[in-house]
Participant: 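Here you go, one structure.
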Amino acid sequence: MKKFTSVKDIGAPSGYIQEAIKIKKVPFTPEKGRGKTLGLLFFNPSLRTRMSTQKAAKNLGMDVMVLDINEQGWKLELEPGAVMDGSTQEHIQEAAAVMGLYCDVVGIRTFPALKNAAEDYQEKVLNKFIQHCSSPVISLESATRHPLQSLADLMTIEENKKVTRPKIVLTWAPHPKALPQAVANSFSEWVLEAGYDLTIACPEGFELSEQFTQGATISHHQPTALADADFIYVKNWSSFKNYGQTKEGLDHWMLDAAKLEGCPDAKVMHCLPVRRNVVLSDGVLDGPNSLVLQQAENRIYAAQAVLNNMI
Ligand code: CP
């Protein structure tokens with residue numbers, strides 16, 4: 001596998017989900033990656049992705065190198081043919097090529113600017129990196145998708161589902177800052193690719209790009225959407241239509257215990273980090289139906305399944 005940036009890179013996700021579940025039972029297989037190196041390049045902050053991917057590589061016996069490029073690297077130029085007499089010091093062409101020489105697999109995290117949808121959805125940084133890097137590339141969350149998170153989420157659903165086709169609801173939640181659509185886009189894409197029923201609840205104007213939601217039911221009424229849910233995935237995202245915008249007066253979209261009265265057995269998911277009592281109430285987060293820590297743990301095995309197929 002040359003790249004892991006979307007569910008489209010692996011086809012049906014069931015094989016990877018089963019592989020991750022198998023790895024969870026016997027995670028430490030240090031012979032597989034001995035002598036191989038993983039490089040992780042971060043343009044943006046991270047706790048889970050940074051640590052779980054390193055843990056996965058170490059379980060496989062790999063060496064790991066991490067570069068926070070904004071603090072530790074040169075400022076990168078993206079434009080071909082640029083006359084680099086300004087603030088940029090290194091072209092992505094050389095940076096990606098050099099990392100490809102040093103590393104057997106390279107992971108890259110690059111968030112959107114949330115100013116211009118067409119620009120962000122081109123995935124310029126990720127695609128240029130893939131173009132110039134001779135080693136396989138893993139997305140550690142890009143402008144439009146977070147595939148390692150989605151694989152861990154689907155694995156968590158597989159571990160907890162009680163019926164073959166559970167009702168899965170992705171619900172928008174409030175947040176004081178504009179956030180990318182990547183986690184929500186990716187979750188929708190993976191759930192639909194896995195053949196599950198998906199309902200997406202969001203305020204009007206916060207519909208995700210149809211590129212990711214074909215086949216999902218879209219609802220603007222959260223209580224109706226949540227009725228009889230088996231899994232509720234809670235996430236904020238900024239508007240795609242009014243690109244990158246947020247809106248005030250939507251605090252009632254926070255998921256609290258009262259919202260679960262119509263679906264008391266529903267499992268609640270969030271990718272973390274989460275703002276308590278803004279996105280999700282303490283009661284729900286700390287309650288028996290919360291899967292957030294299981295999701296975070298499964299990030300290790302999801303990453304390990306992907307690395308396993310690349311080395
Ligand atoms: N869920 C997730 O990707 O967390 P981090 O941003 O901390 O890596």
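Quick caveat, the model's predicted, so the values are computed rather than measured. Atoms within each ligand, like the ligands themselves, are counted from 1 in listed order.
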Participant: Any N/O of R50 closer than 3.5 Å to an N/O of ligand 1?
Facilitator: no

Participant: If we ignore angles and hydrogens, is there a donor and acceptor under 3.5 Å between the side chains of T49 and R299?
Facilitator: yes

Participant: Would you say M51 touches ligand 1, if touching means a heavy atom closer than 4.0 Å?
Facilitator: no

Participant: What's the shortest distance from atom 4 (O) of ligand 1 to any protein heavy atom, and which residue and atom give it?
Facilitator: R48 NE, 2.9 Å

Participant: Output yes when E19 and K22 qualify as a salt bridge under the 4.0 Å nitrogen-oxygen rule, no when they do not.
Facilitator: no

Participant: Measure L272 to ligand 1 on non-hydrogen atoms and call it side chain, backbone, both or neither using the 4.0 Å cut-off.
Facilitator: backbone

Participant: For the residue pair N44 and E141, confirm or rule out a side-chain donor-acceptor distance under 3.5 Å.
Facilitator: no

Participant: Looking at E77 and K128, is there a salt bridge between them, counting it only when a charged N and a carboxylate O are closer than 4.0 Å?
Facilitator: no

Participant: Please say which of F231, Y233, Y196, F212 ends up in a ring-ring contact (aromatic ring centres under 6.0 Å, His included) with F187.
Facilitator: Y233

Participant: Under a 4.0 Å N-O cut-off, is there an ion pair linking R165 with D197?
Facilitator: yes

Participant: Can you tell me which portion of R109 lies within the under-4.0 Å heavy-atom range of ligand 1? Options are side chain, backbone, both, or neither.
Facilitator: side chain

Participant: Decide whether an N or O pair under 3.5 Å exists between E141 and ligand 1.
Facilitator: no

Participant: Find all atoms of ligand 1 within a distance of less than 4.0 Å from any non-hydrogen atom belonging to R299, and give their numbers and elements.
Facilitator: 1 (N), 2 (C), 3 (O)

Participant: Provide, to 0.1 Å, the distance between atom 7 (O) of ligand 1 and the closest protein heavy atom, together with that atom's residue and name.
Facilitator: L47 N, 2.7 Å

Participant: Please list the nearest protein heavy atom to atom 3 (O) of ligand 1 with its residue and the distance rounded to 0.1 Å.
Facilitator: H146 NE2, 2.8 Å

Participant: Look up atom CG in L307 and atom CE in M310, then write down how far apart they are to the nearest 0.5 Å.
Facilitator: 7.5 Å

Participant: Compute the shortest N/O to N/O distance between P45 and ligand 1 and return yes if it is under 3.5 Å, no if not.
Facilitator: no

